[in-house]
Amino acid sequence: MTQSVVAPARVRPTSVKPPKKRNANQRRQNRAAYIFVAPFLLVFVLMLLVPLFYSGYLSLFATRLVGGSQFAGLTNYIRAFTDPAFLSGVGRMGLFLIIQVPIMLALALFFALAIDSGRVKGAGAIRLLIFIPYAVPGVVATLMWGYIYGNDFGPISQVFRAIGFAPPDLLSAGTILGSIMNIVTWEFIGYNMIIMYAALRSIPTELYEAAEIDGAGQFRIAWSIKIPAIRPAIMLTVIFSIIGTFQTFNEPSLLHGLAPNVIDNAYTPNYYAYNLAFTNQDVNYAAAIAFLLGIVIAVVSYVVQLSTQRRETKNS
Amino acid sequence: MTDSLLNIAPYGASKLSDEYTPWVWNQVKQGSNVWAIPQDAGPMGNLFRTDILKKAGITTPPATWDEYATEAATVKSKTGAYMSNLASNDAGQFLGLLWQAGVKPFGYDGDKGVKVAVDSADAKKVADYWQKLIDNGSISTDPDFTDDWYQGLANGKYAGWLTAAWGPSFLQGTAAKTSGLWNAAALPQYSTSAKVSGNWGGSSDAVLKTSKNPIAAYEFAKFINNDTESTLQFANKQFLFPTSTKTLESSAFTDEKAAFYGGQQVNKQFAAISATVDTKFQWLPYMDYAYSSYNETVGKALANKTSLSDGLDAWQKDLVTYGTQQGFSVNK
């Protein structure tokens, strides 16, 4: 604010005197900028906006096997709001969010702080090991865990049997959500840890020195300096996790093969949309579900962001 | 559906009707229209482990469903094995059993009229039969074609498999360790006077309306499913049980002895079963949905060992709702 009051005096002469030349120059620069972003814009419009509008358009119709396609207005959306299958899927993912995301992010933060503290031997190797699961494609990870969970042949069951206990059924109705949480946590701890770790590295080290002189221990430094300093990075991981959670698809879709009676068509909203489109052949309703899911994600992300911002302003 | 397929009757397909098993031919024609050339079919039979049954004192396969139920209880108590598995995720198997019992759960007039009767008294009679076997623990209700299920077939958890004609070859790959211990028989019967069976799975080759070369497409579909050499290759090298009468009667097919089944002529057995399949079974124009809805209703009842009759009611309700939503006139 103070700078803008001072600045005009110096800037004005140059901006007033040769206006034409500068405009031409700027126009050329603008043109170059547009040319540079054109490839991206083209792909963005063709591959994202057009399909998005098309599915929005589709969601307003109802196609029947008999009678074909007819404009239906918001019927599909109204149907979704009273569809127990869709609502239970969203509810399940809400539960997933409340339980799995805090556990995963707390672990990621713990590992990031531990590696950043510089007191762990072989930190580089450990960092790599924790990150590796993220490099494993989700499909492969789920297939692998599916094998580990297997009742008759999985290693967990075998160990239990070897000790003489009844093996737990990790793919039953009561346990499978926990089993999926475990897979997702395993996969994404490394990813979130790297984001937090990168943010930790950018904190000026003078702060730590100053804190140490003031007599703060490592835990105090972590709590009062490091975590507040990387709050934006943590928020980023929270938002990514919310989006990822509601879009869960790979895990239920692959585990369906192992536990077909436990994972139903609408186990997650995304899986529901897929089944609606490709099994029920109801593309219109599937499009409506996909849109609603997008809205749910936007609302939840916004509420989370808003509530943390409010807390921040209150604190300061 | 009939908007995308070409009626191949004018191309000569109507002349082929005598060359295929009648009940199969009924599946590809509608009035005077023919929509596809049959490829393979799955008349149902009973595959069972002779060694496990012998341990329970059973030497001949059960001829009636009553015998099957009694023997199932004996097998369970003497050997710990399940007589068979009624899959909780496979409408095909259950529909095959309904088919055998003469139940007509579906109907379609080719236009708007759809009949759904999965909750009929006949269907419930079949369900009640299985309910008893499930409740007393003599059969299992695991989902099929899963890793656990493959293991179950290979390690003797199941003493038998009520399956289709493609099952025998399939099983050889799945349970190779148990080679020689299996045998094939017809399904147990409801009455001793007439032998009947149902069908589970099958395929056909159709010509699309958009085809630029319909004559060539039709001739190819005909060749691969009609030529003696081609159908024999399908039958003996793939899991495709033939539908052409010529192949079903050919000694190159029926005389093959399968070591996996202790040298039994399994093909001959299933060729005989194929002749006993009820010809009048019909489908819905939305079977994809019906199958997935089955898993959420009857399948759930099987898996949780709750009332199958309630499951059928729920399935019925679901199929009627969906059909009506899709613009069909259901049960009117």
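Residue numbering restarts at 1 for every chain, and letters A, B, ... go by the order of the sequence lines.
Summarising the geometry of L65(A) relative to P285(B), their closest heavy-atom pair is CD1-O, 4.3 Å, with the distance given to 0.1 Å. For G299(B) against N261(A), the heavy-atom pair with the smallest separation is O-ND2, 3.6 Å. Heavy atoms only, all atoms of each residue included: Q325(B) and R79(A) are closest at OE1-NH2, 3.7 Å. When all heavy atoms are compared, the tightest approach of N265(A) to E296(B) is N-OE2, 3.0 Å.
Counting non-hydrogen atoms of neighbouring residues, nucleotides and ligands closer than 6.0 angstrom, the CZ atom of F81(A) reaches no more than 12 such neighbours. Within 6.0 Å of atom NZ in K317(B), 12 or fewer heavy atoms from other residues, nucleotides or ligands are found, so the atom counts as exposed in its surroundings. The number of heavy atoms from other shown groups lying within 6.0 Å of OH (Y291(B)) is above 12. More than 12 heavy atoms of other residues, nucleotides or ligands lie within 6.0 Å of NZ in K104(B), so this atom counts as buried by the packing criterion.
Options G323(B), S329(B), S292(B) differ in how many heavy-atom pairs under 4.5 Å they form with chain A, and the most are formed by S292(B).
Applying the salt bridge (charged side-chain N to carboxylate O under 4.0 Å, His left out) test to every pair with at least one member in residues 298-308 of chain B, sequence neighbours left out, gives these pairs: D264(A)-K300(B).
Annotation: the span from Q281(A) atom CD to Y289(B) atom OH amounts to 12.5 Å, rounded to 0.5 Å. Here the straight-line distance linking atom CG of N275(A) with atom CG of D288(B) works out to 11.0 Å at 0.5 Å rounding.
Listed by chain and number, the residues in a side-chain hydrogen bond (donor to acceptor under 3.5 Å, both in side chains) with T175(A) are S172(A) (sequence neighbours excluded).
Residue-level contacts of residues 138-155 of chain B with chain A, in order of numbering, are P143(B), T146(B), D147(B), D148(B), Q151(B); threshold 4.5 Å between heavy atoms.
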With a cut-off of 3.5 Å and sequence neighbours excluded, list every side-chain donor-acceptor pair involving residues 284-302 of chain A.
| from | atom 1 | to | atom 2 | distance (Å) |
| --- | --- | --- | --- | --- |
| N284(A) | OD1 | T63(A) | N | 3.1 |
| N284(A) | OD1 | T63(A) | OG1 | 2.7 |
| N284(A) | ND2 | L58(A) | O | 2.8 |
| Y285(A) | OH | D83(A) | OD2 | 2.6 |
| S301(A) | OG | I297(A) | O | 2.7 |

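Although no hydrogens or angles enter the test, the distance criterion places a donor-acceptor pair under 3.5 Å between the side chain of Y322(B) and the main chain of N280(A).
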